[in-house]
> 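My questions will all concern the structure given below.
Note that these values count all heavy atoms, side chains included, but never hydrogens, waters or copies made by symmetry. Just so it is clear: chains get the letters A, B, ... in the order the sequence lines come, proteins before strands, and each one is counted from 1. Small disclaimer: the values here were computed from a predicted structure and weren't measured.
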Amino acid sequence: MATILEMRNITKEFPGVKALDQVNFQVEAGEIHCLVGENGAGKSTLMKVLSGVFPHGEYDGDILVKDTIQTFKGIKDSEAQGIVIIYQELALIPELPIYENIFLGHEKVSNKIINWNEQIEASERYLDLVNLHVLPATKVKDIGVGKQQLVEIAKALSKDVKILILDEPTAALNDEESLNLLRLLKELKKEGVTSIMITHKLKEVMEIADTVTVLRDGKTVDHMTRAEGTLDQARMIQSMVGREIEDVFPKRQKAAPGDIMLEAMNLTAYHPFLGRDLVKDSSLNVRAGEVVGIAGLMGSGRTELALSIFGNPKNYRVSGTVKIEGKEIAFDRPKKLIDAGVAYVSEDRKGNGLVLIQDVRENITLANLKALVSSLVIDQSEEILVAEKYRKDYNIKTPNIEQKVVNLSGGNQQKVSLAKWLYTQPKVLILDEPTRGIDVGAKYEIYKLINALVERGLAILLISSELPEVLGMSDRVYVMNDGTVAGELPIAEATQEKIMAMATN
Amino acid sequence: MKTYFSDLKALLQENIRDYGMFIALAFIFLIFSISTGGLFVSARNISNLLNQTGYIAVLSIGVTLVIIIRHIDLSIGFVSGFIGAVAATLLVGGGMNVFLVIGIVLVIGTIIGLWHGFLVAYMKLPAFVATLAGMLIFRGAILQVTAGTGTIIINNDFFNAISNGYIPDLFNANLHILTIIVGMLGVILYVYSDLKNYRVKKSYGFKVLSKEMLASKMIFVSFLILGLSLVLASHRGLPYTLIIIIAIVAIYHFFLKFTVLGRHVYAVGGNPEAAELSGISVKMITLFVFGSMGFLSAVSGIMFASRLQSATTTAGTLFELQAIAGAFVGGVSASGGVGKVTGSVIGALVMASLTNGMNLMGINISLQYIVQGFVLIAAVIFDIRTRGKTR
């Protein structure tokens, strides 16, 4: 087999982070090559370099297609070489018919006029190739996600694709659709199409891959091939997690946990627009004085589960029961959970955690303004005292509490977010990716805070993509996979390998 | 002396967003005073200008809240006109008691506002569409109400005094003494609250103005208040319109700044998702804000009908655009979460001053619209440019 693609010593830096560090990646013509690694390992960044999203000059190293060095300035350039990337969030226009989507951006024209009949006719051919038997005039919004994925592939074929890149193509698909897709990739392989697939599902990798490359922390760490018989799931997991847990987690006094504070039973959350269950029949509980970790890969339903418990602000269709301190409560609005003593610190500080254009003081008191009211009026002096107290206690680095939150660093924003929720005096604290995107120093402070809170008897649910964090902080771990709680491990038995095996199965 | 001026400069720079409008207003007053040979700042014209601004300023206050929560209300002009027509019909045709009439139309206005809020919050209609429909509906409703009579002349003295009357004089002097007394009370109230604010801020160790700067600011504002009351006193005194406006501004300012509901309004505007997750019902806030808008539209309708002493078939035409322009000139941000009712009232005054001044100069109406358009652009560019530079 000839080498169709080679990426040599690719290094890509973002301010403060080396996303890719001397990555080497080689793909043979006509193979199915799987790229695996943890969240943040650099898989998507590598593919963005390849497809020209990060143009030549923004990275170091060389891209060779058929032994020729390429200098892609944008997606158009990489597509001219037959490299087509299909993202996890599909790039189709729901209101347009399939045939228009397929030819969007490279319309079939005669004399600068679009030749619709030819487009429709050609679409039928491409849809046949991907085994999708629907009318080309069907609007994309009227077919399911699985079929939309096929339309994306048909679109790629219409661009005369040589190297097809799929970024987690089965993440949003059900089992049957996934099988269908994998089968199609094998068929396309016979037609001579080379595929690169980014995926978290190692079972699929074992089924379909000819070659596997493992990335970890922006580096290539392992390479296996079916031909040499080196393809092995356990070895993949080992390579993905690799590192040892560093001693970055402060110790805390372990005490026997108390009563169950939060219990969710058989929660299912259906997303009416996506048309599928984001959370399936999931149950969990958290006791007073313990940290319970939720591990799982991106898209496994962790945040959706937390939001379903926390009053369902995104209006999924939720069924199941939630008990706080043993008492069943209605959980259809966040306010009811807040009143019951639950707080949810969002993973998305900027999106739905903080009001960025407001100052530190206003953000800290927002969820509990009623505590400041005396005779219908907010006691602003008291409010200033409260905000000042949290600023000092949590070491929020800001010139003063009148500073707008948008001007603070990520770590300090996160501290404001924590302060806001702790001011509601919760008994149960749900932390969703509490250390995402913040520096090591601030992380350590947040870990210390978590420990202090648990020692005070709070029940904490810790959602995290970083396995060392889950293992270093939790007393017990739930692992989520594909919308369900796939397993529960006491901390003594939990290892990165076990968790990864549950999360990827 | 040197530090005094550098302090002054720093003060102006830090608060350029807040003071910008006042500076613009002062500039407009200066230009028109010169170009009309002093006619613009004559007692009679200032009095007239305030009465002209009143019914728009009330709408500007209401629409400020609507824009803060990232919506818009296009219906307010014709709702205002419709309310005027209903009030006139009840007064003239029905012969009802004037207080009862005012009560009834305020309730009707609030219900109309809640209706729009319901469409936006619960039926998920974009506010633009819901209130565009409202604009059509209430344009038609005005014509319906006045169908038999055409223009309805209102002959109720109390009603007509709302936008044309002045507070009574205590003494029969050349000057309107009560107006001056009210002005002095205003100065005392202002100085007191500013001093209190200064002390509270200082006790928390916040940055405060230097003593000289504070004194200068107090003297300046006091002179403005006294000056205005003197000018008004030399004509017929303090118009009721100004009292209504000051009362509504005070209530809304207090409400937005010091109550939980007011703070929730800003939070919903600043980030609706974060607000919802913080236990705030975005729907209820939306409903409330549109309800308040309807109430203020009714107030505006009463004031305009009173001003004309009649209800006309075209009442309310283009009010919404003047009110929205006033709010934007006054520093409300179209992206939500930012805005003050004090700013919007000044913005409305800026726009009204332009119309009034250009009328005095005899400038053609076509040019007036063009000038207003450019002033709106300039004001919002200024707003965007200075955003983020101050805290």
> Report yes if the side chains of A:Lys420 and B:Ser278 come closer than 4.5 Å at any heavy-atom pair, otherwise no.
yes

> Working to the nearest 0.5 Å, report the span between CG of A:Leu354 and CG of B:Leu277.
11.0 Å

> Which residues pass the side chain to side chain donor-acceptor pair (under 3.5 Å) test with A:Glu347, sequence neighbours left out?
A:Thr303, A:Arg436

> Do any of residues 251-261 of chain B come closer than 4.5 Å to chain A, heavy atom to heavy atom, and if so which ones, in number order?
B:Phe254, B:Lys257, B:Phe258, B:Thr259, B:Val260

> Rounded to the nearest 0.5 Å, how far apart are NZ of A:Lys335 and OG of B:Ser281?
10.0 Å

> Going by the rule salt bridge (Lys or Arg N to Asp or Glu O under 4.0 Å), which residues pair with B:Lys217 if we only count those two or more places apart in sequence or in a different chain?
B:Asp194

> Between A:Pro313 and B:Glu276, what is the shortest heavy-atom contact and its length?
CB-CG, 4.2 Å

> Going by an N to O cut-off under 4.0 Å, is there a salt bridge joining B:Glu273 and A:Lys350?
no

> Given B:Arg263, which partner from the list A:Leu372, A:Thr365, A:Leu366 fulfils the side-chain contact (heavy atoms from CB on, under 4.5 Å) test?
A:Thr365

> Distance check, rounded to the nearest 0.5 Å: A:Gln380 atom CD versus B:Asn197 atom CG?
9.5 Å

> Nearest heavy-atom pair of B:Ala267 and A:Val355: which atoms, and what distance?
O-CG2, 4.2 Å

> In chain order, what residues pass the ring-ring contact (aromatic ring centres under 6.0 Å, His included) check against A:Phe310, with sequence neighbours excluded?
A:Tyr344, A:Trp421

> Is the backbone N or O of A:Gly351 less than 3.5 Å from a side-chain atom of B:Asn271, with the two atoms forming a donor-acceptor pair by type?
yes

> Using a cut-off of 6.0 Å, state whether more than 12 heavy atoms not belonging to B:Phe128 lie near its atom CZ.
no

> Which heavy atom in B:Gly270 sits nearest to a heavy atom in A:Ile357, and how many Å separate them?
CA-CD1, 3.9 Å

> Using a cut-off of under 4.5 Å on heavy-atom pairs, state which of A:Gly353, A:Ser381, A:Ser346 scores highest against chain B.
A:Ser381

